[in-house]
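We use all heavy atoms of the structure for the numbers below, so side chains are in, but hydrogens, waters and symmetry mates are not. Along the sequence shown, the residues carry numbers beginning at 1.
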Amino acid sequence: TRLAGPALRRAGGSNVVRIGIPMLCAALAILPLATGLAALSFALAGLGLASGVLDVAMNTDAVTVERRFARPVMSSMHGTWSVSMLAGAALASGGVGLGISIRPYLAAVGGMLAVLSFPLLRWLPAPHQPAGDLQAVAPGDGPSWARRVVLLCLVACAAFMTEGIAVEWSAVFLNEAVGTDLTTAAAGVVAFSAGMAVSRFAGDRLSTRFDPSVVVRVGTTVGAIALVAGLVVGGATASIAALAILGLGVGPTVPLVFGAAGRVGLGPRRSALATVVTAGYVGSILGPLVVGFTADELGLRTAFAIPVAL
């Protein structure tokens, strides 16, 4: 994500997406060809690099579309991402169920994504927008600039930590701490992801009617209360319902924060988005790690209270 800034300033978000999507599809298709730990690590690092740069570029284009429409659309775009994540998981499960080998499966998926995305890439917005579209907040503004960027980074980090914990650990929590079977445990991830998708599609309308900061505060508070209730009550039904409500609560946070970061100008054709996305990625790595270490020492039920503190 830190490499995205120079690429965007040189080529523009749309051009980065047009080049990056085919490259990402190709990298996914050839990933199983890597043999040995070193080759696989290198291939995964390249895939992560491309994904990070594309993440910033696509969100930059989303901010441009918001400006042109003169209304919020970022949350709905992230809702589409949430639905696509569920579709990808279902497709992978189907491939495993049919006994398809990983090599032809990833090659087929990479090719399918390249074909489906090709006509859509023509509709991307113009590469550059006038610098005047960005808010007049720059490093020269001193503490005001610093406070705003740091606050957005902290919120993004906390939101990504919560999402990472829910996605990576909810199935383990339901299976080991609650005592469900593996099939029921998988429902926790689905419930959380579905909750996020629903709230993200509603997030644009909510942020139009209410102040976006209010949407974030109320949503995260409701999600935290639901998670506490699920931990206290226990049981599969209560825990899965708590994860669904947690997803509903935190869903709009990331798109609203990214939209705000994209409107904070740090110079000509430069926004705070890349910095804030990087902070979010750090949170997505730290969250599951912190839960893992805490679970080893204090147990999964205690570790799963970490999102409440966030």
Side-chain angles (χ1 to χ4, degrees), residues 75 78-79 81-94 96-97 155-203 206 215-256 280 283-310:
S75 190
H78 278 248
W81 177 89
S82 297
V83 171
S84 300
M85 183 177 67
L86 287 171
L91 192 63
S93 298
V96 172
V155 175
C157 184
F160 269 78
M161 284 184 73
T162 301
E163 291 182 19
I165 291 168
V167 171
E168 300 289 340
W169 280 98
S170 59
V172 179
F173 169 77
L174 288 170
N175 178 243
E176 296 186 6
V178 179
T180 68
D181 56 44
L182 293 177
T183 302
T184 304
V189 180
V190 175
F192 176 78
S193 300
M196 278 209 310
V198 169
S199 64
R200 284 178 171 177
F201 282 119
L206 289 172
V215 176
V216 172
R217 291 192 189 102
V218 173
T220 52
T221 300
V222 170
I225 293 172
L227 185 57
V228 169
L231 292 172
V232 172
V233 174
T237 302
S239 298
I240 293 173
L243 287 167
I245 297 173
L246 179 64
L248 283 169
V250 303
T253 302
V254 168
L256 290 177
S284 69
I285 296 171
L286 289 178
L289 286 176
V290 171
V291 166
F293 285 118
T294 305
D296 285 340
E297 298 296 329
L298 302 174
L300 264 174
R301 190 171 292 276
T302 301
F304 233 68
I306 290 175
V308 178
L310 299 174

Q) Ser82 and His78: side-chain contact (heavy atoms from CB on, under 4.5 Å), yes or no, with the steps? A) CA-CA 6 Å; Ser82 297; His78 278 248; 5.7 Å; no
Q.
Enumerate the salt bridge (Lys or Arg N to Asp or Glu O under 4.0 Å) contacts for residues 292-304, please, sequence neighbours excluded, ordered by first and then second residue.
A. none
Q) Between atom CG of Leu227 and atom CG of Leu243, what is the distance when rounded to the nearest 0.5 Å? A) 7.0 Å
Q. Are any non-hydrogen side-chain atoms of Leu256 and Val155 less than 4.5 angstrom apart?
A. no
Q) Minimum heavy-atom separation for Asp181 to Thr184, with atom names? A) OD1-N, 2.7 Å
Q | Nearest atoms (heavy-atom pairs only) where Pro255 meets Gly251 | A | CD-O, 3.4 Å
Which atom pairs, one a donor and one an acceptor, fall under 3.5 Å between side chains of residues 164-171 and the rest of the protein, sequence neighbours left out?
unit_1: Trp169; atom_1: NE1; unit_2: Pro288; atom_2: O; d: 3.0
unit_1: Ser170; atom_1: OG; unit_2: Ala166; atom_2: O; d: 2.5

Q) At what distance, to the nearest 0.5 angstrom, does CG of Leu246 lie from OG1 of Thr220? A) 10.0 Å
Q) Please, which pairs that meet salt bridge (Lys or Arg N to Asp or Glu O under 4.0 Å) have at least one residue in residues 185-202, sequence neighbours excluded? A) Glu163-Arg200
Q. Between Ala238 and Val233, which heavy-atom pair has the shortest distance, and what is it?
A. CB-CG1, 3.8 Å
Q.
So which atom in Ala295 and which in Ala303 form the shortest heavy-atom distance, rounded to 0.1 Å?
A. N-CB, 3.7 Å
Q. Which heavy atom of Leu300 sits nearest a heavy atom of Glu176, and at what distance?
A. CD1-OE1, 3.8 Å
Q) Could you give the distance from CZ (Phe160) to CD1 (Ile285), rounded to the nearest 0.5 Å? A) 11.0 Å
(Q) Less than 4.5 Å apart, side chain to side chain, heavy atoms only: is that true for Phe173 and Val291? (A) no
Q: Step by step, work out the side-chain contact (heavy atoms from CB on, under 4.5 Å) result for Leu248 and Val222.
A: CA-CA 9 Å; Leu248 283 169; Val222 170; over 6 Å; no
Q) From Ile245 CD1 over to Ser199 OG, what is the distance, rounded to the nearest 0.5 angstrom? A) 12.0 Å
Q) About how many Å separate CG of Leu174 and OG of Ser239, when rounded to the nearest 0.5 Å? A) 5.5 Å
Q.
Can you give me the closest heavy-atom contact between Ala159 and Thr253, atom names plus distance?
A. CB-CG2, 3.8 Å
